[in-house]
Amino acid sequence: MDAAKLNELKKFIQLCKSSPSILDDPSLSFFRDYLQSLGAKIPSSADTAADSKSSYVVEESDEELADAGVKINIEEEEEEDEIIESDIELEGDTVEPDNEPPQKMGDPSVEVTDDNLDASHSAKAKAMDAISEGKFEEAIENLTQAILLNPTSAIMYGTRASVYIKMKKPNAAIRDANAALEINPDSAKGYKSRGIARAMLGQWEDAAKDLHMASKLDYDEEIKNWLKKVEPNAHRIEEHRRKYDRLHKEREDRKIERERRRRRAQAQAEYEKAKKQEQSSSSRKPGGMPGGFPGGMPGGFPGGMPGGMPGGMPGGMPGGMPGNVDFSKILSDPELMAAFSDPEVMAALQDVMKNPANLAKHQANPKVAPVIAKMMSKFAGPK
């Protein structure tokens, strides 16, 4: 058998598979009768359209339910409660912060002479006597005098800080401790005084850090006793913070996941909507060549193509298309059958069939224009 004829037959069978309503064409009645004689069941155009419509309705219903389910789930997840942190049970007493004006500080640019050093030591000695007698105000006055005479001494600031602690003035003590550490970063007295002052203010974690540093530099029993008070609270605060940092992170991760799912659901819904619209458009146009000739190729164009094909063939096609077309002319033309397998050509033909006015924009296409011209010659019939 001729290979070219076999190839045409294969293409025709593919055409029938994609659009069984082709067999309704009167010119193909001989083939339809032959298939039925072999026991083949050929659906009518009405059955095909009904099945397509029924399938579309079911799919639409299922997708609407699915979309509604997505929205409900997202709304339920978005109702997640805010995280409310519980109180931390801490032990130990604290004091009210002192808000008095800052104490006098020494001028580090002042030159310290031997006489200044002697006078500073003398003032410190008086301060120590006053401390032993519980005269803290007097001690502060003498230590301030000693600092002004020798502003480069970390020990002087550290000593005055310890007196402020006895007077329950932690903020003043912290200022002096900071000054001592600026002069000497390894001042054990500076870390110790600042750690105790911070503990008095309830700054448990910072207090623990300072006291641990002080114990490394110059360990004593007072530091040990303060650490026993400070460390349990510092540990509770750290555990509390870690717990709620984790909970907040998990909540944020869930929020990000919800947003990701929402966007995915929205994209899916938009895709399904476009898909349904395409299916709906196809179901309202029974028959047709693969790729979709609206109205179907066989059986002609109902009512013709009014006004002809503007701007296309020479002279146009006035009076519309003929009511019936000999479809065998198209199937027997190998060039047309080959062209129908080209997506670009099929898209252009579909565009023209939808709106004949679109013919003009495809005339410059060397692949499309010859096919349209040839089809028009087939439709026109013998002259």
Side-chain angles (χ1 to χ4, degrees), residues 92 94-95 97-132 134-231 233-234 237:
T94 58
V95 301
D98 50 311
N99 296 314
E100 298 175 2
Q103 62 271 34
K104 291 181 180 180
M105 311 295 278
D107 182 359
S109 65
V110 171
E111 181 181 357
V112 180
T113 63
D114 291 340
D115 291 341
N116 287 348
L117 284 175
D118 291 340
S120 176
H121 290 152
S122 176
K124 180 186 176 184
K126 293 178 181 179
M128 299 307 293
D129 290 339
I131 292 171
S132 63
K135 300 177 180 179
F136 300 131
E137 291 289 351
E138 182 180 334
I140 291 295
E141 291 178 3
N142 285 302
L143 286 170
T144 299
Q145 184 63 29
I147 288 171
L148 295 175
L149 290 167
N150 184 12
T152 60
S153 173
I155 294 176
M156 294 295 183
Y157 282 108
T159 302
R160 190 169 69 171
S162 65
V163 177
Y164 279 126
I165 288 172
K166 294 179 184 296
M167 299 173 68
K168 299 189 184 304
K169 294 184 177 182
N171 282 330
I174 290 173
R175 286 191 290 269
D176 273 352
N178 288 339
L181 291 169
E182 286 179 8
I183 296 170
N184 179 13
D186 294 326
S187 171
K189 200 174 188 67
Y191 281 114
K192 176 182 176 180
S193 298
R194 191 171 69 180
I196 294 172
R198 285 175 165 174
M200 293 172 68
L201 292 171
Q203 301 171 4
W204 305 108
E205 290 180 290
D206 290 337
K209 291 177 183 178
D210 282 341
L211 291 169
H212 277 295
M213 182 61 70
S215 68
K216 291 179 182 179
L217 295 169
D218 187 13
Y219 178 82
D220 63 30
E221 285 297 318
E222 187 178 15
I223 295 174
K224 176 182 176 180
N225 292 334
W226 272 102
L227 280 173
K228 287 180 179 180
K229 299 176 183 178
V230 169
E231 282 188 318
N233 288 340
I237 293 172

request  = With the side chain counted from C-beta on, respond yes when Gln103 and Tyr164 share a heavy-atom pair under 4.5 Å apart, and no when they do not.
outcome  = yes

query = Can you name the residues that form a salt bridge (Lys or Arg N to Asp or Glu O under 4.0 Å) with Glu222, not counting sequence neighbours?
reply = Lys192

key: Distance (rounded to the nearest 0.5 Å) between Leu117 CG and Asp114 CG   = 6.0 Å

remark   = CG of Asp220 to CH2 of Trp226, rounded to nearest 0.5 Å, is 13.0 Å

task = Could you list the residues that satisfy side-chain contact (heavy atoms from CB on, under 4.5 Å) with Glu100, not counting sequence neighbours?
result = Lys169

request  = Return yes if some donor-acceptor pair links the side-chain N/O of Tyr157 with the main-chain N/O of Gly190 below 3.5 Å, else return no.
outcome  = no

query = Can you list every side chain to side chain donor-acceptor pair (under 3.5 Å) pair that touches residues 195-204, not counting sequence neighbours?
reply = Arg198-Asp210

Minimum heavy-atom distance between Pro170 and Val95, given as atom pair plus value = CG-CG2, 3.8 Å

remark   = Residue pairs passing the salt bridge (Lys or Arg N to Asp or Glu O under 4.0 Å) test with at least one member in residues 150-163, sequence neighbours excluded, are Arg160-Asp176

note = residues 118-132 vs side chain to side chain donor-acceptor pair (under 3.5 Å), sequence neighbours excluded, gives none

key: Distance-minimising heavy-atom pair for Ala214 and Ala188   = CB-O, 3.8 Å

inquiry  = With heavy-atom distances below 4.5 Å as the criterion, would you say the side chains of Ile165 and Met200 are in contact?
reply    = yes

inquiry  = Enumerate the salt bridge (Lys or Arg N to Asp or Glu O under 4.0 Å) contacts for residues 138-148, please, sequence neighbours excluded, ordered by first and then second residue.
reply    = none

query = Between Ser187 and Leu181, which heavy-atom pair has the shortest distance, and what is it?
reply = O-CD2, 3.6 Å

key: Shortest non-hydrogen contact between Ala199 and Ala207, atoms and distance   = N-CB, 3.6 Å

query = Do Val110 and Leu148 have side-chain heavy atoms sitting under 4.5 Å apart?
reply = no

ask   = For the atom pair CG (Asp186) and CE (Met213), what is the distance rounded to the nearest 0.5 Å?
value = 8.5 Å

note = Smallest heavy-atom separation, Gly158 atom then Ala180 atom, equals N-CB, 4.1 Å

inquiry  = Side chains of Met128 and Thr159, heavy atoms from C-beta outward: is any pair under 4.5 Å?
reply    = yes

request  = Might you confirm whether atom CD1 of Ile155 has over 12 heavy atoms from other residues, nucleotides or ligands at distances under 6.0 Å?
outcome  = no

query = For the side chain of Asn150 and the backbone of Ala146, is there at least one donor-acceptor N/O pair under 3.5 Å apart?
reply = no

key: Pairwise distance NZ(Lys189) to CG(Leu217) - rounded to 0.5 angstrom   = 13.5 Å

query = If you round to the nearest 0.5 Å, how far is CD1 of Ile131 from CG of Leu143?
reply = 5.5 Å

key: Ser153 side chain reached by Ile147 side chain, heavy atoms, under 4.5 Å   = no

key: Point-to-point distance, once rounded to the nearest 0.5 Å, from CD of Glu221 to CD1 of Ile223   = 10.0 Å

remark   = Taking every heavy atom of Ala197 against every heavy atom of Ile174, the minimum-distance pair comes out as CB-CG1, 3.6 Å

request  = Could you give me the CA-CA distance, side-chain angles and deciding distance for Leu149 and Val112, then say whether side chain to side chain contact (heavy atoms under 4.5 Å, CB included) is met?
outcome  = CA-CA 7 Å; Leu149 290 167; Val112 180; over 6 Å; no

